Every structure is written in structure tokens, then in C-alpha cells.
Student: 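Just dropping this structure here.
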Amino acid sequence: MSMRRDHGHEPGHGHDHGRDQAHGQSHGHTHEHGTANGTGTGNERGNAHGHDHGHDHGAGGHSHGVSADADRRWLTLALALIGGFMAVEVVVGIAAQSLALISDAAHMLTDAASIVFALIAMRLAARPAKGAFTYGLKRAEILSAQVNGLSLLLLGAWLAYEAVRRLIDPPKVEGGLVLVTALAGIAVNIAAAVCLSKANRSSLNVEGAYQHILNDLFAFIGTAVSGLIVVLTGFVQADAIATLVVVVLMAKAGYGLLRESGRVFLEAAPAHIDPDALGDRLVREPAVTEVHDLHVWQITSGQNALSAHVLVDDAADCHTTRRDLEKFLAAEYGITHSTLQVDHAEHTELVGAGAGHCEDAHGPVHRAGPHDH
């Protein structure tokens, strides 16, 4: 396949400064490397031709991931609330022989751990990209989200086992202590949830911590109900039943976090973007005749990227088409990191003949009119 050639335009490194991007003031850097394959996914991005990076360097700066300073304050406050109450709850849970309270305390431990992971991941993600880490450590937050999800599932499995055991052989439970402690826990978790709701929940990392605390809030409500039932009726199995309700909530939240973070690690397209529909939409832009090797992925939550090989009419201006496509991607899909290899269709057919103009094209070839996906 041919290297990128824009006939009649500047050779080598063409730096287009002051680009009027839809996402704010930006710099478009077009680096043309003499490698054979201009597309790929993940770590293969280093082989791409025509690296067009649309970066927001205006007053707002980059809007990637979390707002570190503000979010750290809210997360730290939530951590203090959760950690302090967790210590009290463990003591009361043992004294009252309440598995529901102990399970809530264990859940609060994972809450605290998830917030600590979030704070650490924020610091790692803020480090600049250098050396072998060409994206920096931004995916540290996705790794944190996976740890959060896995911890919810493992802890839920242990609590489910204990709850079933207590249903069969229930111990005596102090319902009054359970009720009072659970009501206090509801207040603490509401305060912690409010703190995290003020942070940037578009980050899977922050969302993971928020889901932990939200599930803990529901768990405390269930525990309060079980304590009230024990006080009024003496039905001590209500404590174990409340624990099983907590387990279901933990499993749901844990699976959701693993699924979403797994999509990022597997470099699947963001959930709200259909790559086939996007390719068909790009090929309807003026002068574009074909789009193939189209890849859409997430570097981290809130930071989407795209690469594609675009063929244009022989009379079209490659640079103008590339800028127009970048503006379209930013305005319509919020994709401000794009790598577009733009070639004239006739020239590509002459020097790189082959199916789809690439010997090993990844994915479908998008052309005007009906075509296979």
C-alpha cells in the first residue's frame, strides 16, 4: 500500500496550526511516516500515516477523564466519611451478631478501597505521556474500575455463602442495634454519595466508586428494614435475607463495571458509536469516495479516538477534506483525536492495487450506495 501522498501539497511534515476545530482552539499536526501500513488498533497506532491530533488547548484545556483537583477533594471527603463509619459498624456488627451489618461494613471497606484506587489512578493518569507509554497512564483508571468490579463480585459471593448458612442456622440478632446503626449508615452514605455525585462521573473510575457507595446506601436501607422486622417480630432470618438483597445489588454493579471497563481494554467502539453507521456517514461527505480500515476506540473514559484510510476524488484537496472530516467528527461524535490517512483514489489504485486498496484491510469497506458490512 502506498505511503500517504497529497499531490500538489506540502511534502514531509505539514503542520496546520490554528485549525478552526469545532471543539475549540486546536493544533493539527500531520506527521507523514514512511511505513507500510497506516492503520491498526491499540499499540499499532505508531504505524499510522498522517497523525491528525485535534487537541483542546483553549481556555478549558483537555477535557480528558476527570477534573483532578476538584474531584480529589470530593473523593477525599467521601473517604473520610466512609472510613470513620466503617470502623464503628464493625464493632456494632460483632456485638449485635448481625451479618447484615458486617456485610455492610465489608461493603464499606470496598467503598473505601475503590476511592483510594480512584485517587491513585487520578495521579497516575495526570502524568504526561512519555517513553513507551505513548498514551501516558490514562488507562490506570480503567484498571481501577476493573478491580472495583471484581472486588464487588468476590465479596458478594462470600456474603451469599454466609447468608445461606445463617438462613439454615440463624444466630440471635440484636435488632435494635442493627436498626439504629443502619439508620446512621444511611445518613453517612447519602453524604458520601452527594460528595461523589459532584465529581466527574464520566470517568469509569469515579463511577465505580459512586456505584460502590450507592449500592451500600441501598444495603443499609435493607439492613434497617431487617432490623425493624427483628425488633417487631423476632424473625432473625430477616438479617440474612437483607444480606442476600445486598449481594444481588453488588453483583449487578460489579458486572456493569467489568463489562464497561472490559470494552475499553478490548478496544471496542464506545457504546454510543456504531462504527458501521459512522463509516457510512463519512463516505457521504463531499469528495470522499471510500473509507476503510476504520477503527474507533477509547483511550480511557471520555477520551475517544479514531483512525481510518480515506480515499477522495482525484481533483479534491486532501488537506481540506481531512480538516473537514476532523471538524465533522468533533462536532457530531465528540471525537477530537483522529488519525486520517487521506489519499487520492486514482493514485492509490495505481501504486497500491488490491482489494479495498489495502492487502489486509481491517473491517468493512464503506462506499457510496449499498455495500456489505
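All of these numbers come straight from a predicted model, not from anything done at the bench. All values below were derived from every heavy atom in this structure, side-chain atoms included, with hydrogens, water molecules and symmetry-related copies excluded.
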Student: Write down the atom of R139, the atom of V264, and the distance for their closest heavy-atom approach.
Tutor: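 Smallest heavy-atom distance, with atoms named: NH2-O, 3.5 Å.
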
Student: Using only atom types and a distance under 3.5 Å, with no angle test, would you say the side chain of H344 pairs donor to acceptor with the backbone of A316?
Tutor: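 Here the side-chain-to-backbone pair exists.
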
Student: Kindly indicate whether the side chain of S226, heavy atoms from C-beta on, has any atom under 4.5 Å from the side chain of I241.
Tutor: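 Not in contact.
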
Student: Would you name the heavy atoms of P270 and Q298 that are closest together and state the gap between them?
Tutor: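 Heavy atoms of P270 and Q298 come nearest at CG-CG, 3.6 Å.
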
Student: Only one of L150, I142, N148 passes side-chain contact (heavy atoms from CB on, under 4.5 Å) with S261; say which it is.
Tutor: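 Answer after filtering L150, I142, N148: I142.
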
Student: More than 12 foreign heavy atoms under 6.0 Å from CZ of F133: is that the case here?
Tutor: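 Counting neighbours around CZ of F133, 12 or fewer heavy atoms of other residues, nucleotides or ligands fall under 6.0 Å, so no.
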
Student: Please report the shortest heavy-atom distance between F235 and V230, naming the atom on each side.
Tutor: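 The answer is O-CG2, 3.5 Å.
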
Student: To the nearest 0.5 Å, how far apart are CG in L77 and CZ in R72?
Tutor: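 Between atom CG of L77 and atom CZ of R72 there are 16.0 Å.
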
Student: Let me see the working for L152 and Y255 under side chain to side chain contact (heavy atoms under 4.5 Å, CB included), right down to the final yes or no.
Tutor: CA-CA 9 Å; L152 282 169; Y255 171 75; over 6 Å; no

Student: Quick one: are V90 and L109 in side-chain contact, heavy atoms under 4.5 Å?
Tutor: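 No - every pair of side-chain heavy atoms lies 4.5 Å or more apart.
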
Student: Mind checking the OG1-CG spacing from T76 to L119? Nearest 0.5 Å is all I need.
Tutor: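 Interatomic distance, T76 OG1 to L119 CG, rounded to 0.5 Å: 5.0 Å.
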
Student: For a quick test of reading the model, state the closest non-hydrogen atom pair linking A191 to L81 and the distance between them.
Tutor: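 Answer, listing the atom of A191 first, then L81: CB-CD1, 3.8 Å.
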
Student: Determine yes or no for a side-chain-to-main-chain donor-acceptor pair under 3.5 angstrom, with R367 supplying the side chain and V283 the backbone.
Tutor: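 Checked: no pair found.
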
Student: Could you go through the side chain to side chain contact (heavy atoms under 4.5 Å, CB included) check for I229 and V225 one step at a time?
Tutor: CA-CA 6 Å; I229 291 174; V225 172; 4.0 Å; yes

Student: So which atom in L159 and which in M250 form the shortest heavy-atom distance, rounded to 0.1 Å?
Tutor: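 In this case the closest contact between L159 and M250 is CD1-SD, 4.0 Å.
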
Student: Are I120 and I115 grouped together when hydrophobic residues (ILVMFWY) are joined by side-chain heavy atoms under 4.5 angstrom apart?
Tutor: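 Linked, I120 and I115 end up in one cluster.
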
Student: If two hydrophobic side chains count as joined below 4.5 Å and joins carry through other members, does Y210 share a cluster with F218?
Tutor: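 Yes, Y210 connects to F218 through the hydrophobic network.
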
Student: Could you check whether any side-chain N or O of S307 sits under 3.5 Å from a backbone N or O of T339, counting only pairs where one atom can act as donor and the other as acceptor?
Tutor: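 Not at all, since once roles are kept as given, no pair shorter than 3.5 Å links the two residues.
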
Student: Is the shortest side-chain heavy-atom distance between L101 and L177 below 4.5 Å?
Tutor: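 A side-chain contact is absent here, since even the closest heavy-atom pair is not under 4.5 Å.
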
Student: Run the salt-bridge test on R165 and E162 with the 4.0 Å N-O cut-off and return the result as yes or no.
Tutor: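 A salt bridge links R165 with E162.
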
Student: So do F220 and D216 actually touch side chain to side chain, heavy atoms under 4.5 Å?
Tutor: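 Sidechains of F220 and D216: in contact.
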
Student: Output the distance between atom CD (Q97) and atom CD (E174), rounded to the nearest 0.5 Å.
Tutor: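 So the CD of Q97 and the CD of E174 are separated by 7.5 Å.
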
Student: Atom CD in E290, atom CG in D343: separation rounded to 0.5 Å?
Tutor: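 That separation rounds to 11.0 Å.
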
Student: What are the two closest heavy atoms between G136 and A129, and how far apart are they?
Tutor: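 It is N-CB, 3.4 Å.
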
Student: Among T181, T223, D239, which residue satisfies the side chain to side chain donor-acceptor pair (under 3.5 Å) criterion with S98?
Tutor: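 Per the side chain to side chain donor-acceptor pair (under 3.5 Å) rule, the option paired with S98 is D239, out of T181, T223, D239.
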
Student: Does Y161, at its OH atom, have more than 12 non-hydrogen atoms belonging to other residues, nucleotides or ligands within less than 6.0 Å?
Tutor: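 It does not: Y161 OH has 12 such atoms or fewer within range.
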
Student: Dump the intermediate steps for side chain to side chain contact (heavy atoms under 4.5 Å, CB included) on I82 and N189, then the final yes or no.
Tutor: CA-CA 7 Å; I82 294 296; N189 274 269; 4.1 Å; yes

Student: State plainly whether one hydrophobic cluster holds both I221 and I190, where clusters connect Ile, Leu, Val, Met, Phe, Trp and Tyr through side-chain heavy atoms under 4.5 angstrom apart.
Tutor: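 Both belong to a single hydrophobic cluster.
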
Student: Would you check if Y333 and L278 make a side-chain contact, meaning some heavy-atom pair closer than 4.5 Å?
Tutor: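 In short, these two side chains touch, coming nearer than 4.5 Å.
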
Student: Using 0.5 Å steps for rounding, measure from the CD atom of Q341 to the SG atom of C318.
Tutor: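 So the CD of Q341 and the SG of C318 are separated by 10.5 Å.
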
Student: Rounded to the nearest 0.5 Å, what separates atom CG in L75 from atom CG in L79?
Tutor: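 Answer rounded to 0.5 Å: 8.5 Å.
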
Student: Taking the side chain as every heavy atom from C-beta outward, state whether V288 and L325 have any atom pair closer than 4.5 Å.
Tutor: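 Sidechains of L325 and V288: in contact.
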
Student: Quick one: do I102 and V245 end up in the same hydrophobic cluster if we chain Ile, Leu, Val, Met, Phe, Trp and Tyr together by side-chain heavy atoms under 4.5 Å apart?
Tutor: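 They do not share one cluster, since no chain of ILVMFWY contacts under 4.5 Å joins I102 to V245.
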
Student: Same cluster or not: V312 versus L306, using hydrophobic residues (I, L, V, M, F, W, Y) connected whenever any side-chain heavy atoms lie under 4.5 Å apart?
Tutor: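 Same hydrophobic cluster.
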
Student: Could you tell me whether the side chain of V92 reaches within less than 4.5 Å of the side chain of V180, counting heavy atoms only?
Tutor: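 Contact flag for V180/V92 side chains = no.
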
Student: Measuring only between side-chain heavy atoms, which start at C-beta, is L282 closer than 4.5 Å to H366?
Tutor: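 Of all side-chain heavy-atom pairs linking H366 with L282, none is under 4.5 Å.
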
